[in-house]
**Q** 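Below is the structure I would like to discuss, written out as C-alpha cells.
Quick note on labels: first sequence line is chain A, next is B, and so on, each numbered from 1.
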Protein chains: 2
Amino acid sequence: MKKLKKLEPLGTESLVDKVETRLLMFFKENKLVPGDAIPKEIDFATSLGVSRTVVREALLRLRTLGLVESKKRRGMILKQPDIINNFARILDPTLLGEDTLKQLFELRLILEMGMADFLFENRNEEDLDELEKIVAAEEATDTHQIRFSLDKEIAFHGKLYQMSNNVTLQKFQDLLLPVFNYVYLKDTENTNLDDYHYSEGEFVSHRMLLETLREGTPETFRNAMRRHLEPHFDHALKTGGR
Amino acid sequence: MKKLKKLEPLGTESLVDKVETRLLMFFKENKLVPGDAIPKEIDFATSLGVSRTVVREALLRLRTLGLVESKKRRGMILKQPDIINNFARILDPTLLGEDTLKQLFELRLILEMGMADFLFENRNEEDLDELEKIVAAEEATDTHQIRFSLDKEIAFHGKLYQMSNNVTLQKFQDLLLPVFNYVYLKDTENTNLDDYHYSEGEFVSHRMLLETLREGTPETFRNAMRRHLEPHFDHALKTGGR
DNA sequence: ATTTGTATTATGTCATACATATAATATGAG
DNA sequence: CTCATATTATATGTATGACATAATACAAAT
C-alpha cells in the first residue's frame with residue numbers, strides 16, 4: 001500500500017459557522033463601522049450560494065451579540081456591540097455553577113481593592129456628599145445591624161463603582177450584582193457574619209472608608225478596604241480549592 | 001378636546017423575544033441545571049403554538065450565549081454559559097470605541113492591583129520558580145530594553161493571572177489581552193515610556209515584584225505593583241475625561 | 001401644507017420537505 | 001457469547017417557497 005497522506009479531519013464547523021465568519025470578514029474587509037448598513041439577507045444568500053435560512057441564522061447570532069441591528073424594511077445596520085448587556089439575560093445565579101459563582105465573587109473583591117486610585121482621581125465634593133448621605137442613613141436606621149445590612153452595602157459600594165468614573169466597570173458591576181447578592185446571602189446563611197471577629201478587633205465601617213476617601217491616599221484606602229472586606233476575603237480564601 | 005389618558009405603548013417585542021423569555025422561565029420553573037436535557041424544538045413549538053422556526057431562533061440565541069448546546073439526534077442540553085467566551089468573537093479592538101478601550105485598559109490596572117491577596121494565598125514554590133525563570137530570561141536578553149518589552153510583560157503578568165487560581169479571571173485576561181496590547185502599543189507611540197521618569201526615580205522591576213511576592217505581604221505587593229504600573233496609571237489618569 | 005391612503009420592500013413568521021449526524025438496535029463473524 | 005459492523009430511527013441542520021408585518025416613500029385628497 002502506498003504511503004498515503006494523512007487524511008485531514010474535515011472541518012467540523014457547520015454551514016452557519018462558516019457563513020458567520022464570512023460575514024465578519026466581509027465587515028472587516030469593507031471597513032464597515034457601526035452605523036453602516038449591510039446588504040440584505042437575500043443578497044448574502046445568493047452571493048454565498050446558501051439558503052436564506054443559513055444567512056439568517058448567522059446574522060441572528062451577530063444580532064444576539066449586539067453586533068448588528070435589524071429593522072423591518074430598513075434592513076440591517078452594524079452596531080457597536082454592548083459587551084455587557086447580553087449577559088444580563090443569562091447570568092442567573094441559579095444557572096451558574098458553584099465554582100463560577102465563587103470566582104465571580106472573588107472578582108468583586110479584586111475590583112473593589114483595585115479601584116482605589118481611580119476613586120481618588122475622580123472624587124469630588126458632590127459624590128462625597130452623596131456618600132455621606134448614604135452612610136448617615138445607614139447609621140440612622142438600626143445601630144445594631146448596620147454592619148451587614150445588604151441594602152446599605154449595595155448603596156455604598158455601588159456608589160463607589162459609580163465614582164470610579166468607568167462606565168464599563170459600572171455596567172460590569174450592575175451585571176454581577178445579582179451574583180454578589182446570591183453569594184452573599186448564601187454565605188451569611190452558613191457563617192453568621194455578625195459573629196465574625198475582626199483581626200485586632202477593629203472593624204472598618206463605611207464611615208471610616210468615607211473618611212479615608214476624604215482625607216487619605218489610595219494606599220491607605222486600599223488598606224482600609226481590605227479590612228472592611230476582611231470577612232469576605234476570609235471566606236473566599238478559606239474555602240480555597242478551585 | 002378632553003384630556004385623554006395617555007395611551008400605553010403596546011409591547012413591541014417580537015414573537016421570538018417572547019418565546020425566549022418563556023424558555024428561560026421554563027428552565028427556571030423546572031429547576032433545570034447545566035447538563036439537563038431539554039425538550040426538542042418541535043415539542044416547544046407545538047406546546048407554545050408557534051412555528052418551529054421561531055422556537056429555533058429563540059434557542060439559537062441561547063446557544064449563541066452559551067446557555068444551551070445542541071447535538072444532532074441527541075437534542076439539546078443546558079450548558080453552563082461560558083461568560084467570557086462570548087466576548088471573544090466581537091471583542092475586536094478595531095470594532096470598539098476609544099472610550100471602551102480606555103476603560104478596559106483601566107480595568108486591567110484595577111485587576112492587577114486588586115489580586116494581591118489571592119496571589120499570596122495561592123503562591124507555591126513551583127509557580128514562583130516559573131516566575132523566576134521568566135524574569136531571568138527577561139534580564140538575559142536585552143539589558144537596555146527590558147523595561148517595556150511587550151513579550152516579557154505579557155509572560156510575567158500573564159503568569160500572575162494564572163497564579164490567582166481563578167479561572168474566570170484568567171479567561172477574562174486572555175480575552176482582554178488583545179485589547180491591552182492594542183492600547184499599549186498606541187500609548188507607546190505617543191509617549192515614549194522609556195523616557196518616563198518614575199517618581200523618586202525608583203523603578204519597580206519584575207524582579208522586585210517577584211521578591212516582594214516571595215518575602216512580602218499583600219500590602220507591600222500592592223504598593224510595589226502600583227509603582228510598577230505607574231506609567232500606565234499616569235497615562236490613564238492624565239487622559240481623564242470619559 | 002398637512003393628512004391620509006397605497007405600494008413597496010426587507011425582515012419576521014410559517015409550513016414542509018429533505019439532509020445529516022449519531023444513538024440505539026439489530027445483524028453477522030469469530 | 002462477544003465483539004465488531006451494518007441498519008434504523010430520530011432530532012437537529014439546511015433548503016425552499018409563501019405570506020405577514022412594519023417602515024418607508026410617494027401619491028392623492030382635504
**Q** Only one of B/Val54, B/Val50, B/Val19, B/Val55 forms a side chain to side chain contact (heavy atoms under 4.5 Å, CB included) with B/Phe44, so which one is it?
**A** B/Val55

**Q** If I take atom CZ in residue B/Arg63 and atom P in nucleotide D/dA11, what distance separates them, rounded to the nearest angstrom?
**A** 16 Å

**Q** Give a yes or no on whether a salt bridge exists between A/Arg63 and A/Glu69, defined as a side-chain N under 4.0 angstrom from a carboxylate O.
**A** no

**Q** If you measure only the distance, is there a donor-acceptor pair under 3.5 Å linking the side chains of B/Ser164 and B/Gln170?
**A** no

**Q** Rounded off to whole Å, could you give me the CD-to-C1' distance for the B/Glu69 and D/dT12 pair?
**A** 13 Å

**Q** May I ask you to check whether A/Tyr161 and A/Phe172 place their ring centres under 6.0 Å from each other?
**A** no

**Q** So, does A/Glu57 use its side chain to make a donor-acceptor pair with the main chain of A/Val16 at under 3.5 Å?
**A** no

**Q** Determine whether more than 12 heavy atoms belonging to other residues, nucleotides or ligands lie under 6.0 Å from atom CZ of A/Arg22.
**A** no

**Q** State whether the side chain of A/Lys152 and the backbone N or O of A/Val135 hold a donor-acceptor pair below 3.5 Å, judged by distance alone.
**A** no

**Q** Can you tell me the distance, in whole Å, between the CG atom of A/Asp17 and the P atom of D/dT12?
**A** 17 Å

**Q** Output the rounded distance in Å from NZ (A/Lys18) to P (D/dG13).
**A** 15 Å

**Q** Nucleotide by nucleotide, 5' to 3', does protein get under 4.0 Å of the base (B), only the sugar-phosphate (S), or neither (-) in nucleotides 16-26 of chain D, counting heavy atoms?
**A** B-B--BSBB--

**Q** Contact boundaries of DNA chain C with chain A (under 4.0 Å, heavy atoms), 5' to 3'?
**A** C/dT8 to C/dT13

**Q** Salt bridge between A/Asp17 and A/Arg61, side-chain N to carboxylate O under 4.0 Å?
**A** yes

